[in-house]
Amino acid sequence: MNILEIQNCTICYQNGRPAVSDASLSVSEGEIVSIVGESGSGKTTLIRAILGLLPAGGRITGGNILFNGRDLVKMREQELQDIRGREIAMIFQDVGAALDPIEKIKRQYAEAIAVHEKQPKQTYFERAVGMLQKMHLTDPKRVMDAYPFELSGGMKQRVGIAMGMTAQPRLLLADEPTSALDVTIQAQVVHELKELRKKYGTTIILVTHNMGVASFLSDKIGVMCKSQLVEFGSRDEIIYHPKETYTRELLKAVPKLGGRRFAG
Ligand SMILES: Nc1ncnc2c1ncn2[C@@H]1O[C@H](COP(=O)(O)OP(=O)(O)OP(=O)(O)O)[C@@H](O)[C@H]1O
Ligand SMILES: [Mg+2]
């Protein structure tokens, strides 16, 4: 069974024009799916709608979003909150900026984990420190003891990503988790996402501007253009047999490395 099925979903903000129009896609358990497309095409809107976490004024005006066969669109806030806590986690586009400025990282980390599981404090602390280390944060214990204002933007971003991953949800939604980071750190984050899937079978939906990242990571790719999901298919279909002119344009923009555009 598909873990997630988005069926004919339309999402509008106050002005009433669809930011996402009639989008459909399906994701099997353990798959990595990337959503690519130009700025403003509706990528963030689409993945935030899954968890009912649209920015103010946004709402789903049509369609269904089935998670394990249950329609998230029809769920009451309380039911959604249970799922948000335990089964689906989200790394926001500006995750670093979303940290509470007046709470130490370890407090916020503990809260992020506590909604997912009841574990003795020490176990989570060790896992947290391990994940921060994997995100190339030197001295992770000091980071845990810091306030967000003591960390750089890139460090906060990495803390936010680590929090989302340590929670080990069944479905991880990640909105441009790497775009604000240095190239080497980006590569590490991408590597960690792949490890997460390998180790825990985590299903991942990733929004990215980077077609190279999408090609390296994904089983399936969705392409958005002007509020439409213009193309959705297997990684090979999209990379080697794109149907849409817009997808071909995106692919052409990816630089070739060693004479080949895509590894793998
Ligand atoms: N809070 C909001 N209120 C009103 N309109 C919004 C809001 N957030 C997004 N929009 C509009 O919805 C459309 C899709 O925006 P969205 O943020 O989903 O795009 P995106 O593909 O994630 O872009 P980017 O790559 O720049 O992050 C845009 O036209 C945008 O102006
Ligand atoms: Mg976005």
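Every number for a ligand or one of its atoms is a count from 1 in the order of the listing.
Excluding waters, the protein N/O/S atoms found under 2.8 Å from the Mg ion (ligand 2) are Thr44 OG1, Gln93 OE1.
You'll find the side chain of Arg48 stays beyond 4.5 Å of the side chain of Ile11, heavy atoms only. For the pair Leu25 and Ile35, the minimum side-chain heavy-atom distance is below 4.5 Å. Looking only at side-chain heavy atoms (C-beta outward), Val207 and Leu46 stay at 4.5 Å or farther from each other. Looking at heavy atoms from C-beta onward, Glu231 lies in side-chain contact with Ile238 at the 4.5 angstrom threshold. Side-chain contact between Glu87 and Leu171 is absent, with no heavy atoms from C-beta onward closer than 4.5 Å.
Using a 4.0 Å cut-off between charged side-chain N and carboxylate O, Lys220 and Glu237 make no salt bridge. Taking a cutoff of 4.0 Å between a charged side-chain nitrogen and a carboxylate oxygen, Lys74 and Glu79 do not qualify as a salt bridge.
Within 4.0 Å of ligand 1, protein heavy atoms belong to Tyr13, Ala19, Glu38, Ser39, Gly40, Ser41, Gly42, Lys43, Thr44, Thr45, Pro55, Gln93, His209, listed by chain and number.
Atom CZ of Arg248 has more than 12 neighbouring heavy atoms from other residues, nucleotides or ligands inside a 6.0 Å radius.
Annotation for Glu244 and Val230: closest pair CG-O, 3.7 Å, computed over non-hydrogen atoms.
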